[in-house]
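Sequence lines set the chain letters: A, B, ... in the order given, protein chains first and strands last, and positions in each chain run from 1. For clarity, every value in this text was computed on a predicted model and none was experimentally measured.
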Number of protein chains: 2
Amino acid sequence: MALLHTEIDFVLQEAARIAAEYLKEHHDPGKRVLRATSPAKLQQELDLGLPAQGRPMESILGELPQWLDRSVRTGHPGFFNQLFGGYDLAAIVGEWMTAILNSSMYTYEVAPVATLMETALIRRMGGLAGFPDGEGVFAPGGSISNLMAVLAARNTCRPQVKQKGLQAQDRLVMFASADAHYSLKRAASIVGLGVEGLRPVPVDEVGRMQPEALAEMVDQAKAEGLQPFMVAATCSTTVPGAFDPIPPIADLAERHGLWLHLDASMGGTVLFSETHRSLMQGSERADSITWNPHKMMGVPLTCSALLLRRQGDLAASNALHADYLFHDDPEVSCDLGDLSIQCGRRMDAIKLWLSWQAHGDSGYRQRVDHLLSMASCFRDMIAARPAFKLVMEPQSFNVCFHYVPERLRSMAPGEARNAQLEVVTLALRDRLIASGRHMINFAPVRGVATFRMVVANPQVEESTLRQFLDEMEVLGADL
Amino acid sequence: MALLHTEIDFVLQEAARIAAEYLKEHHDPGKRVLRATSPAKLQQELDLGLPAQGRPMESILGELPQWLDRSVRTGHPGFFNQLFGGYDLAAIVGEWMTAILNSSMYTYEVAPVATLMETALIRRMGGLAGFPDGEGVFAPGGSISNLMAVLAARNTCRPQVKQKGLQAQDRLVMFASADAHYSLKRAASIVGLGVEGLRPVPVDEVGRMQPEALAEMVDQAKAEGLQPFMVAATCSTTVPGAFDPIPPIADLAERHGLWLHLDASMGGTVLFSETHRSLMQGSERADSITWNPHKMMGVPLTCSALLLRRQGDLAASNALHADYLFHDDPEVSCDLGDLSIQCGRRMDAIKLWLSWQAHGDSGYRQRVDHLLSMASCFRDMIAARPAFKLVMEPQSFNVCFHYVPERLRSMAPGEARNAQLEVVTLALRDRLIASGRHMINFAPVRGVATFRMVVANPQVEESTLRQFLDEMEVLGADL
């Protein structure tokens, strides 16, 4: 027993020490975001074999700093590559506790504290969105939340499908903007409608769904004998960061009896901000909302909430009342398992609950205001520097732009220039990756590779952004 | 900066200290598995509010021991309630590192080390199952793995469904044993076939699928004009712990061109054991296998692998080539994202990779041999004690049994006795929960509530089992 106690102390203290050293290095200007290495070379360097015989913990722990260092520092202020970034100490502690508690969210019986936490979080997040009497459940990421929303819509609109399956007369079709996340296409495909069961609605010049186009497409689908059942508005699209206009879409959804889903995976966090919550004006009219705290709230992946306006929709869609697991009367039970399409489910609520304790509503408000102010500041820097060009006016956390080398600045817009900008973007991104000081992603926007800045890390300041653009100018000078 | 460094050190060291104290208490005979409390009372005791203003970390950390203690000790040797148990230090360190790394498994670019780890684990696990040239991906739990298997089967059998959706002529039907996990029903419902799209095949007296019954049901379905496309065999069923016989089911699947899936969420781990791997004889003939290391391999939830025999099936089923995210040529890319139905995906491979370092193949072999030997030992104790009765001959980790108070021992089998056994089981379970020293679940078996012992924690010894049965006899004496 004494030996066991010593082992537990040693291993956990040593893991904490290694973790602390790693996090502290994020703030060291000498540390890179990444050291890009090919898979073959990395494999050689790290010897990632699985042994036939176990190895002592001391030796395993000794290797951790090496492979932490060969991973990508998503917590580094120079990481702009994904829709998340930074790190949150309280949320990390939450993950650490989740690992030692190691239970599953299906029943209150085996996860009493975490069940109350998840329930409180769902109520509060729903309250912020305008669902005072709603329900919801956490899911492992926005794609699964969106899938459950599509399922709830399908099963509410065609209640017999859950039991009997899709029938020949069910010619269901759904709508989302052309810039919506691909998980909605995948959800349409999974639930039996096919990728083509999702019709992409054109967007305006800043990436917002055009409600007039949606209206026409719904009429058109009906004229084809199809049955529109759902529209998903996106609250901050993946690339341009646009917020679809909820009120006119909600009007249309009401008129045609469509389920209104908001994919606010990224944008939900604006609900904390008095200044910016108008971006989601009308959210209370939605039937369901996906909101990922692992994005702009900074808790570790994955943490996603699916919120529903009415109680009962999720259970009606998903519950199967497995009698080996659920023992309480469903009418009074607080078991969350039958709301989900998972069985065993990680206690992802704990990290958010601890983080909320540390930040409070006001901390999240300051966070989102700061992120949006930094994104706006970045937009202004891009507009002010001759070496850069905004590709569209940004709506929120993302800024899409090109680096324009001097030789292209006077060139007339058009295909030839776009082809050059594509080449420059890819080449400059390769140089940035090789340099490893900053990491930014690119995506095709109107057919041309475009840099996508994402401000997700609250430690990003004006100086961070300036240094980043300075580096781009240096690396791109001869392109 | 110095202040920040001090904060990081303090928070993580303190979290590690709290975690170590908690884990050490699992071995304290005075510590209970749980203290059952109603949701309303627990809510009062813990004050689980979400604050408007953030609170200092010191105060938040100070509350952790209290809510850890009010959770269920799944790592306690007296916890037999679910298909997991115990704790694994190396895997916990893996989770802790996952939290500080905080990246997503979609691209090698942002998760280079973890991508190589997951790829190595998939290859090795596939190798153990008999898929030397297979592929696979990790998923957040067995239900999602099973869903992806059903999707791969549907989309392989009807390649146009991914894009076009189910058509009137697609009258697909699948099969699994009546004791299969409910996630298969849910998967059938999700993918558009309805719960009734899964036909339950009768089981024999120890809970194994009857291949002759399956053969008849496939013929029957064809006669009805339906199109059988898949059969899922279960390798250790949720309640009786039975292994369906793979070879005759595989023969049938071949004859009828059915996709053969193995739900080896629980049972996959027997593949490590020379003594017991025959339980999964024929696994190499399957098209797909679900195997959850978070069950019998002891890594924290969730960690589930979906393994496929042929390369290409998962991408064909799931890939959408989102151009904002995946930049490499799919032919040469080692990005794992398009194999999954998730987008952001937790690095669940890391915990298993670290655990494998600590145990090696030989450690897992010893583990599974010990668990099965303890389950067998428990079976013998039940058979030897007059106060207990085996409900069926156990096949693996689970033992289904009744406590039979003296007054019922001479009663003739039949409905009256069953009604009494149901009452006794529920009452004794309530008493066990109230006592909190052991936690065991129950499930209906042939319509009667039955205790289900699960041996999942390698720290369970003969003495643990004896003490548990002793407690049952004491608590049940007057029933």
Side-chain angles (χ1 to χ4, degrees), chain A residues 5 8-9 11-12 15-16 19-20 23-24 39 48 50-54 60 67 71-72 74 89 92-93 95-96 99-100 102-103 110 113 116 124 140-141 143 162-166 168 182 189 192-195 197 239 300 302 320 322 324 334 342-344 346 356-357 359-361 363 443, chain B residues 5 8-9 11-12 15-16 19-20 23-24 39 48 50-54 60 67 71-72 74 89 92-93 95-96 99-100 102-103 110 113 116 124 140-141 143 162-166 168 182 189 192-195 197 239 300 302 320 322 324 334 342-344 346 356-357 359-361 363 443:
Chain A
H5 282 198
I8 292 173
D9 282 333
V11 170
L12 297 190
L23 292 182
K24 285 188 267 183
L48 292 172
L50 295 167
Q53 303 292 328
I60 297 169
W67 61 259
S71 300
V72 174
T74 65
L89 275 183
I92 288 171
V93 172
E95 283 290 69
W96 288 19
I100 60 158
N102 194 34
S103 197
V110 294
V113 179
L116 294 185
R124 175 63 80 88
S143 292
K162 179 182 179 183
Q163 204 63 28
K164 301 277 180 192
L166 286 163
Y182 73 103
S189 182
L193 311 182
V195 169
V239 179
T302 53
L320 289 174
Y324 79 91
C334 52
Q342 299 181 264
C343 177
R346 221 168 158 274
W356 208 308
Q357 300 300 314
H359 299 289
D361 303 352
Chain B
H5 282 196
I8 293 174
D9 282 334
V11 170
L12 297 190
L23 292 182
K24 286 188 267 182
L48 293 172
L50 295 167
Q53 304 292 328
I60 297 169
W67 62 257
S71 300
V72 174
T74 64
L89 274 183
I92 288 170
V93 172
E95 282 290 68
W96 288 19
I100 60 158
N102 193 36
S103 197
V110 293
V113 179
L116 293 185
R124 175 65 79 88
S143 292
K162 178 182 180 183
Q163 203 65 27
K164 301 276 179 192
L166 287 163
Y182 73 102
S189 181
L193 312 182
V195 168
V239 178
T302 52
L320 290 175
Y324 78 91
C334 52
Q342 300 182 264
C343 177
R346 219 168 159 275
W356 208 307
Q357 300 301 314
H359 299 290
D361 302 351

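When each of Val72(B), Val93(B), Leu23(B), Val195(B) is scored by its heavy-atom pairs under 4.5 Å with chain A, the top score falls to Val195(B). Most heavy-atom pairs under 4.5 Å with chain B: of the set Val11(A), Val113(A), Ile60(A), this distinction falls to Val113(A). Listed options Ser189(B), Pro39(B), Cys334(B), Gly197(B) were ranked by heavy-atom pairs under 4.5 angstrom with chain A; first place goes to Pro39(B). Comparing Leu50(B), Val239(B), Leu320(B) by how many heavy-atom pairs each has under 4.5 Å with chain A, the most go to Leu50(B). For the set Gln53(A), Glu95(A), Arg124(A), Gln163(A), the count of heavy-atom pairs under 4.5 angstrom toward chain B peaks at Gln163(A). Among Ala322(B), Gly194(B), Gly141(B), the residue making the largest number of heavy-atom pairs under 4.5 Å with chain A is Gly194(B). Ranked by heavy-atom pairs shorter than 4.5 Å toward chain A, the options Ala168(B), Gly344(B), Pro300(B), Ala443(B) are led by Pro300(B). Contact tally against chain A (heavy-atom pairs below 4.5 Å) for Ile100(B), Leu166(B), Thr302(B): the top residue is Ile100(B).
For chain A, the nearby part of Leu193(B) is the backbone; its heavy atoms alone come within less than 4.5 Å. Proximity to chain A is limited to the backbone of His359(B), based on heavy atoms less than 4.5 angstrom apart. Both the backbone and the side chain of Cys343(B) come within contact range of chain A, with heavy atoms under 4.5 Å apart.
Checked against side chain to side chain donor-acceptor pair (under 3.5 Å), Tyr324(B) has the following partners two or more places apart in sequence or in another chain: His181(A). Residues satisfying the salt bridge (charged side-chain N to carboxylate O under 4.0 Å, His left out) criterion with Lys24(B), sequence neighbours excluded, are Asp9(A), Glu21(B).
Of all heavy-atom pairs spanning Gln342(A) and Pro140(B), the tightest one is NE2-O, 2.9 Å. The two atoms that bring Ala15(B) and Trp96(A) nearest to each other are CB-CE3, 4.1 Å, heavy atoms only.
Here the side chains of Leu12(B) and Ile92(A) are in contact, with some heavy-atom distance below 4.5 Å.
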Going through the checks in order, is the side-chain contact (heavy atoms from CB on, under 4.5 Å) test met by Thr74(B) and Val110(A)? CA-CA 8 Å; Thr74(B) 64; Val110(A) 294; 5.5 Å; no
